[in-house]
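Atom set for the values below is all heavy atoms of this structure, side chains included, hydrogens, waters and symmetry mates excluded. The first residue in the sequence is number 1, and the count goes up from there. One-based numbering, in listed order, for ligands and for the atoms of each.
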Amino acid sequence: EKGGYDHFMLKEINEQPRSIADCMRGRLDARSGRLILGGLQDYMNKFQNADRIIITACGTSWHAGLVAEYLFEEFARVPVEVEYASEFRYRNPVISSKDFVIAISQSGETADTLAAIELAKEKGATIFGVCNVVGSSIARATHAGSYTHAGPEIGVASTKAFTAQISVLSMMALMLGYQRGTLSESKYMTLLSELEAIPAKVEKALKLNKKVEEIAAQYKDARNFLYLGRGYNFPVALEGALKLKEISYIHAEGYPAAEMKHGPIALIDEEMPVVFIATKDSSYDKVVSNIQEVKARKGIIIAVVTEGDETVKKMADHVIEIPPAHEAFVPLISVVPLQQLSYHIAVMRGCNVDQPRNLAKSVTVE
Ligand code: F6R
C-alpha cells in the first residue's frame, strides 16, 4: 500500500510528477491552446465579472491560496483576498453577490472552511470549491468546483494535494486572464506550455533527495529554523516551515524575506539554519541582499536556487539546485526539496511522520 516506501508521506512526495499531470490531464493542452475546467463552465460568467476573488482555507491549503493571490492578480488583474477560514467566518466580513469565493480543502471536511462557505453563501456570493476528496462536505456545499485529482493523501502532512491545488488555481488564473483580456494570446500560449512542462521538472527536482537527506542529517538537532522567500516563493517559505513544525516538532517560522529586518533578524546566530528560496526571478537580487544580511550575522544558509546559479552558491553553506521555470509556477517545484527536508529530519528524529502527534487528517472540529 505504501508502494515500497517507508512512509506514505515519501510516497506522496514522489507521486507529484504524476499527480500534477493527472490534475491537468484532459484540462490543459498547450499545443492547441485548450484549457477547460468542467466545473467552471457554468460559472465562467460570474468568475469573469467578479469584482473581487476571496480565497478561504486553512493550513497548507491557505498557503496554496496565497500563491493563487499572486497568480490571479498578475494574470487577471482582479483584486484578491486570502482569508483564514476561522477568522473570516467570525468577523462579519463584507461580502456581496459580486464576490467570487474560492474554498480550498484537501479533505473537503474542514469545519472552519465549511462554515466560511455557508456564511459567504448566505450573503449571495458564488462559491467555488477546490477539493481533493470527491463527494466531500465542502465539494457538496459549494455551487461548483474543480477536483484536484491528486488521489488519496494518507500522510497527515499535505504534500501532493498542495501542488495539485496550485495546479488547479494556476489553470483558473490563466483562463481568467485570457477571458478578461489581461493576458495576450501569445503570453497565454507560452504560459500554458510552461505549466505543462512542470511535471517533468518536478521529476527532476525529486532527484535531489540524496543531497537533501545529507543536509537534513547535519541540522536534524537544530532547535529553530527560519524559512525566507519573496514573491511567489513567500508562501513556499510558509509551507516549508509548517511542514517542518508539524512532523519533526522543530520550531520553524516562515517569513517574507524582507520582513526579516523587522524582527526575526534578532534570532540569527551561528546556530540558526535559514532556508532561503532564492530562485532566478524578479525578486532574486533582493533575496541575495537578504542572504548577505544573514551571512553577516553568521547564520547557516541553506538555499534553494535555480540550476547553474553562481552568486548564491558562493554565499550559502548548502545549495539545492532546481530546474528553471516561469516564476509563477516555481512554487510547484521549489516546495519539493522543502517537503523532503522536513521528511528526512522527522525520520532521523524518530518521529511518526505519517501521523504526527496532536494532528488529524481532517479537522472536523473548529
Ligand atoms: C498541513 C496540514 C493542515 C491542513 C489543514 C487544511 O500539512 O495537513 O494544515 O492543510 O488542516 O486541511 P484541508 O485542506 O483538508 O481543508
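Remark: Glu15 engages Lys11 in a salt bridge, criterion side-chain N to carboxylate O under 4.0 Å. With respect to Glu366 and Arg89, a salt bridge is recorded, a charged nitrogen being found less than 4.0 Å from a carboxylate O. For the pair Glu153 and Lys160, the salt-bridge criterion is not met [side-chain N within less than 4.0 Å of a carboxylate O]. The pair Lys313-Glu321 counts as a salt bridge, with a side-chain nitrogen and a carboxylate oxygen less than 4.0 angstrom apart. Comment: Lys243 engages Glu239 in a salt bridge, judged by a side-chain N to carboxylate O separation of less than 4.0 angstrom.
For ligand 1 and Ala157, the ligand atoms under 4.0 Å from any heavy atom of the residue are 7 (O). Under a 4.0 Å criterion applied to the non-hydrogen atoms of Lys243, ligand 1 contributes the atoms 1 (C), 7 (O). Close contacts of ligand 1 with Ser105, meaning ligand atoms under 4.0 Å from a residue heavy atom, involve 13 (P), 14 (O), 15 (O), 16 (O). The atoms of ligand 1 that sit less than 4.0 Å from any heavy atom of Ser158 are 7 (O), 8 (O). Per-residue contacts place Ser61 under 4.0 angstrom from the following atoms of ligand 1 (heavy atoms of the residue considered): 10 (O), 13 (P), 14 (O).
Taking both residues in full, the closest heavy atoms of Ser362 and Glu109 are given as CB-CB, 4.1 Å, listed atom of the first, atom of the second, then distance.
Taking 4.0 Å as the cut-off, Glu109 does not count as a neighbour of ligand 1 on heavy-atom distance. No heavy atom of Ser362 sits closer than 4.0 Å to any atom of ligand 1.
Checking Asn233 against Thr279 by side-chain atom types alone, a donor-acceptor pair falls below 3.5 Å. Asp29 and Ser32 are linked by a side-chain donor-acceptor pair at a separation below 3.5 angstrom, with hydrogens and angles left out of the test.
For atom 2 (C) of ligand 1, the closest heavy atom belonging to the protein is Glu246 OE1, 3.8 Å. Nearest protein neighbour of atom 8 (O) of ligand 1, counting heavy atoms only, is Val156 O, 3.0 Å. The protein heavy atom nearest to atom 12 (O) of ligand 1 is Thr110 OG1, 3.5 Å. Given atom 11 (O) of ligand 1, the protein heavy atom at minimum distance is Val363 CG2, 4.0 Å. Shortest contact from atom 5 (C) of ligand 1 to any protein heavy atom: Cys58 O, 3.7 Å. At the shortest separation from atom 3 (C) of ligand 1 among protein heavy atoms lies Thr60 N, 4.2 Å.
Counted within 6.0 Å of CZ on Arg91, heavy atoms from surrounding residues, nucleotides or ligands total more than 12; the atom is thus considered enclosed. Summarising the local packing, NZ of Lys204 is surrounded by 12 or fewer heavy atoms from other residues, nucleotides or ligands at distances under 6.0 Å.
The distance criterion of under 3.5 Å between nitrogen or oxygen atoms is not met by Lys361 with respect to ligand 1. Taking only nitrogen or oxygen atoms, main chain and side chain alike, Gln165 does not reach within less than 3.5 Å of ligand 1. Between Thr113 and ligand 1, a contact under 3.5 Å exists for no N or O pair.
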